[in-house]
There are 4 protein chains.
Amino acid sequence: MNKTKRSIMEAAIETIMELGFAQASIGQIAKRAGISKGVITYHFPSKDELIDFIVTELYTDGAEFLSQIMQEQTASGMLRSYIESNLAFIRTNPRHVAAVAEIILNMRTEDGKLRYVGLNDDPILVPLIEIIQWGQREGEFREFTDFGAKVLAMTIRGTIDGTASLMMSDPRFDFDLYTAELITLFERATCKMGEGNHKEDK
Amino acid sequence: MNKTKRSIMEAAIETIMELGFAQASIGQIAKRAGISKGVITYHFPSKDELIDFIVTELYTDGAEFLSQIMQEQTASGMLRSYIESNLAFIRTNPRHVAAVAEIILNMRTEDGKLRYVGLNDDPILVPLIEIIQWGQREGEFREFTDFGAKVLAMTIRGTIDGTASLMMSDPRFDFDLYTAELITLFERATCKMGEGNHKEDK
Amino acid sequence: MNKTKRSIMEAAIETIMELGFAQASIGQIAKRAGISKGVITYHFPSKDELIDFIVTELYTDGAEFLSQIMQEQTASGMLRSYIESNLAFIRTNPRHVAAVAEIILNMRTEDGKLRYVGLNDDPILVPLIEIIQWGQREGEFREFTDFGAKVLAMTIRGTIDGTASLMMSDPRFDFDLYTAELITLFERATCKMGEGNHKEDK
Amino acid sequence: MNKTKRSIMEAAIETIMELGFAQASIGQIAKRAGISKGVITYHFPSKDELIDFIVTELYTDGAEFLSQIMQEQTASGMLRSYIESNLAFIRTNPRHVAAVAEIILNMRTEDGKLRYVGLNDDPILVPLIEIIQWGQREGEFREFTDFGAKVLAMTIRGTIDGTASLMMSDPRFDFDLYTAELITLFERATCKMGEGNHKEDK
DNA sequence: AATGAATGAGTATTCATTCAT
DNA sequence: TATGAATGAATACTCATTCAT
């Protein structure tokens with residue numbers, strides 16, 4: 001919508017990727033946007049609000065993109081869909097995703113505490129844990145303790161969250177292959193023994 | 001050996017944990033060490049050298065600690081040993097490990113490039129990849145493409161690397177249970193179908 | 001043109017004169033300019049660039065001022081003109097000249113070497129040496145070895161360069177008289193014996 | 001006499017020559033002397049006293065060396081002797097002389113004023129002025145106003161004072177030739193017309 | 001005599017923010 | 001809307017000096 005705000009956001013993402021969050025000063029962002037510093041503080045009363053805008057924008061995009069996940073009939077289908085759609089979203093804008101990851105890991109409040117909830121915090125893991133527990137109840141997945149389900153969920157989430165920077169650091173990164181490998185990996189990690197997974201990874 | 005240097009290192013680790021790498025200024029570190037800023041620059045000519053000291057010290061400790069991994073007869077034993085010993089090392093000094101993770105993710109050179117090789121860089125993954133390929137050759141593990149082995153290695157490494165901050169953010173963190181769960185998870189992810197792993201994780 | 005840059009330059013000159021180059025900190029300059037330190041680094045990205053600006057500005061002014069020297073018909077006229085115009089230029093802005101002399105004598109690069117070519121370096125002496133050699137060829141001046149011409153040139157240049165600080169340390173300094181005395185002195189030093197210089201110095 | 005003090009002085013001179021006065025910190029001096037900083041402050045309660053020692057030592061040496069100047073019968077002989085002996089002294093220890101010149105030009109008191117009297121101050125010029133006025137009274141030299149005599153004295157002194165750094169910046173510097181050229185130059189500048197100085201400087 | 005450790009004031013520079021135009 | 005100027009706090013680092021050993 002607001003063209004200037006978006007272009008500032010793009011420049012900020014570019015700057016964060018290039019210099020890291022801590023070095024992404026308003027001056028550097030303005031330089032990359034080809035505007036003066038004042039323009040930024042005009043559109044974003046404070047730097048915090050610019051950062052917030054970048055994060056929120058990604059979450060809004062993400063929520064929309066990911067709203068169609070939960071239409072699978074089986075838990076393993078759901079897990080596959082979860083991984084596929086998350087990675088697909090990352091693929092649409094890896095720079096934005098990677099920048100927000102940088103922000104989340106580094107942005108702090110005045111008293112030094114992380115400003116955004118960690119990537120491994122419960123609310124984020126809930127959907128995954130629910131998939132796992134559903135699969136277990138249905139007999140599709142192996143046994144999991146509550147803690148085991150959480151550990152798996154964290155592993156999956158952590159792997160997904162690492163994808164964007166992985167993708168950007170390797171120009172020949174094969175996204176489809178990577179997705180297939182991860183799905184295989186986590187299907188193996190969840191399935192019951194003796195009951196092979198017959199799916200042909202796309 | 002050198003008491004002051006170690007106490008400065010401890011204070012630096014504490015500061016990085018509390019405020020994050022970017023906010024861990026010499027002033028803040030000195031305050032936590034209960035000394036004046038000058039003492040730090042006396043012992044470490046530049047902040048970079050202090051950071052380097054913190055990183056190197058951990059690597060030295062780690063190299064010693066991990067030197068006894070490779071004594072298993074089977075690939076799955078080796079994988080288990082790899083995970084166990086890495087986590088055990090993290091357990092000995094999670095704050096130091098977490099601080100170094102912060103450093104590696106954030107420390108940059110003047111031109112904005114990451115100063116330390118990323119956690120997912122090949123050299124770090126090599127031992128893991130070799131274990132996986134060995135298990136596959138021996139018929140212990142399932143089939144892996146080269147890329148598949150690398151993806152698994154990255155997943156394992158990423159999960160291990162996330163442990164320290166996980167451990168510190170949760171005071172009731174059950175280390176043994178977490179270790180067992182991860183071993184189970186990755187044994188499942190590697191084993192052949194139909195040939196269950198019968199080991200009861202300790 | 002740029003008012004603030006010029007006022008910063010003026011304050012810097014004043015500070016260098018008052019405290020010396022080494023003590024002329026950005027803080028002191030800002031204090032004398034009645035502005036905050038930030039203004040200086042806003043207009044001059046680094047202190048070196050401020051210093052460079054001060055030096056270059058003087059050289060630009062000087063080049064313009066001195067461009068009309070070389071219109072005399074005789075070597076002794078030229079020498080007189082050289083001295084007169086150099087001193088006249090110093091008179092226009094002795095503080096600036098004296099400050100730049102301080103800078104040239106003291107400004108060093110990181111490795112400790114003088115940053116600006118010395119006042120006695122060849123390029124600066126060339127015009128003077130040419131005048132002397134011309135006068136000798138024409139039979140106006142006495143005999144000079146190459147080295148003798150250079151020594152004389154250094155003496156003349158050194159005397160001229162010392163004028164600004166001389167002038168400023170003595171409030172009753174008589175500029176015209178000083179100029180006349182120097183011209184007499186160096187005419188005597190160059191002229192052939194027995195052929196008096198009959199000019200009445202202005 | 002005191003070996004350590006002298007070696008510290010030598011190191012200080014070396015440091016001042018290499019880095020300039022402003023950068024000649026106690027640390028740098030200690031490094032060049034191969035001792036710890038503490039040794040310096042042990043022997044010299046403050047840096048100022050070290051500097052004073054360096055200056056005083058040179059003046060003591062100089063006073064002794066120059067005490068035999070005034071034994072010439074004529075003013076022009078005296079002038080020649082003055083120049084010769086001053087240059088000869090500089091030749092004995094050009095580094096010390098150059099370092100002290102650096103000190104005199106840069107050392108300041110707390111309030112920013114030059115600590116040592118300038119090189120062009122009256123007391124230093126008095127002997128030279130007396131020689132000139134004597135030569136004029138005796139009819140050996142040309143007419144000089146009081147101010148003219150002072151200007152000449154300043155020129156001579158300035159030229160002599162510049163010799164040390166000149167000498168050190170040029171490894172092929174020919175001291176004897178330089179001395180001869182200066183003597184010729186200033187004899188010409190003082191002599192009456194028509195009464196040539198017939199000496200052929202070697 | 002000599003040393004290493006420690007201190008605190010001072011340095012240039014970076015930067016988010018404010019403001020007048 | 002947009003800009004350039006200005007501010008003041010914070011940063012890493014330097015250094016003369018003090019002190020215990």
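Lettering of chains follows the sequences in order, A, B, ..., and the numbering in each one begins at 1. Both backbone and side-chain heavy atoms feed into the values below; hydrogens, waters and symmetry mates do not.
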Using whole Å, what does the distance between atom [atom2] of nucleotide [N] and atom [atom1] of [X] come to?
X	N	atom1	atom2	value
C:Ile40	F:dA9	CD1	C1'	17 Å
C:Glu110	E:dT11	CD	P	19 Å
A:Asp52	E:dA16	CG	C1'	16 Å
A:Lys3	F:dA2	NZ	C1'	15 Å
C:Lys31	F:dA6	NZ	P	20 Å
B:Lys5	E:dG4	NZ	P	14 Å

Sequence-aligned protein contact record of nucleotides 10-18 of chain F, with B where the base is within under 4.0 Å of a protein heavy atom and S where only the sugar-phosphate is | BSSBBSBBB
Report yes if the side chains of C:Ile8 and C:Tyr42 come closer than 4.5 Å at any heavy-atom pair, otherwise no.
->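 Side-chain contact under 4.5 Å: no.
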Dot-bracket encoding per residue of DNA chain F, Watson-Crick/G-U cut-off under 3.5 Å, | denoting interstrand | .||||||||||||||||||||
Residues [X], [Y]: salt bridge by 4.0 Å N-O rule:
X	Y	answer
B:Lys47	B:Asp52	no
A:Glu10	A:Arg32	no
D:Glu102	D:Arg95	no

Who pairs with D:Glu57 by side chain to side chain contact (heavy atoms under 4.5 Å, CB included), at least two apart in sequence or on another chain?
->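 In terms of side chain to side chain contact (heavy atoms under 4.5 Å, CB included), with neighbours along the sequence ignored, D:Glu57 is linked to D:Arg6, D:Met9, D:Phe53, D:His96.
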Intermediate values then yes/no, side-chain hydrogen bond (donor to acceptor under 3.5 Å, both in side chains), D:Asp111 and D:Thr109 | CA-CA 5 Å; D:Asp111 62 354; D:Thr109 54; 2.4 Å; yes
Strictly below 4.0 Å: does [X] bring a side-chain N or O up to OP1 or OP2 of [N]?
X	N	value
B:Thr4	E:dA5	no
C:Tyr42	F:dA5	yes
C:His43	F:dG4	no

From B:Ile29 atom CD1 to B:Phe44 atom CZ, the distance as rounded to the nearest 0.5 Å |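 Result: 9.5 Å between the selected atoms.
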Does C:Leu19 offer a backbone N or O that forms a donor-acceptor pair with the side chain of D:Arg108 under 3.5 Å?
->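 Yes, D:Arg108 side chain to C:Leu19 backbone: donor-acceptor pair under 3.5 Å.
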Would you please test A:Asn106 and B:Asn106 for side-chain hydrogen bond (donor to acceptor under 3.5 Å, both in side chains) and show each step?
-> CA-CA 9 Å; A:Asn106 287 293; B:Asn106 288 293; 3.2 Å; yes
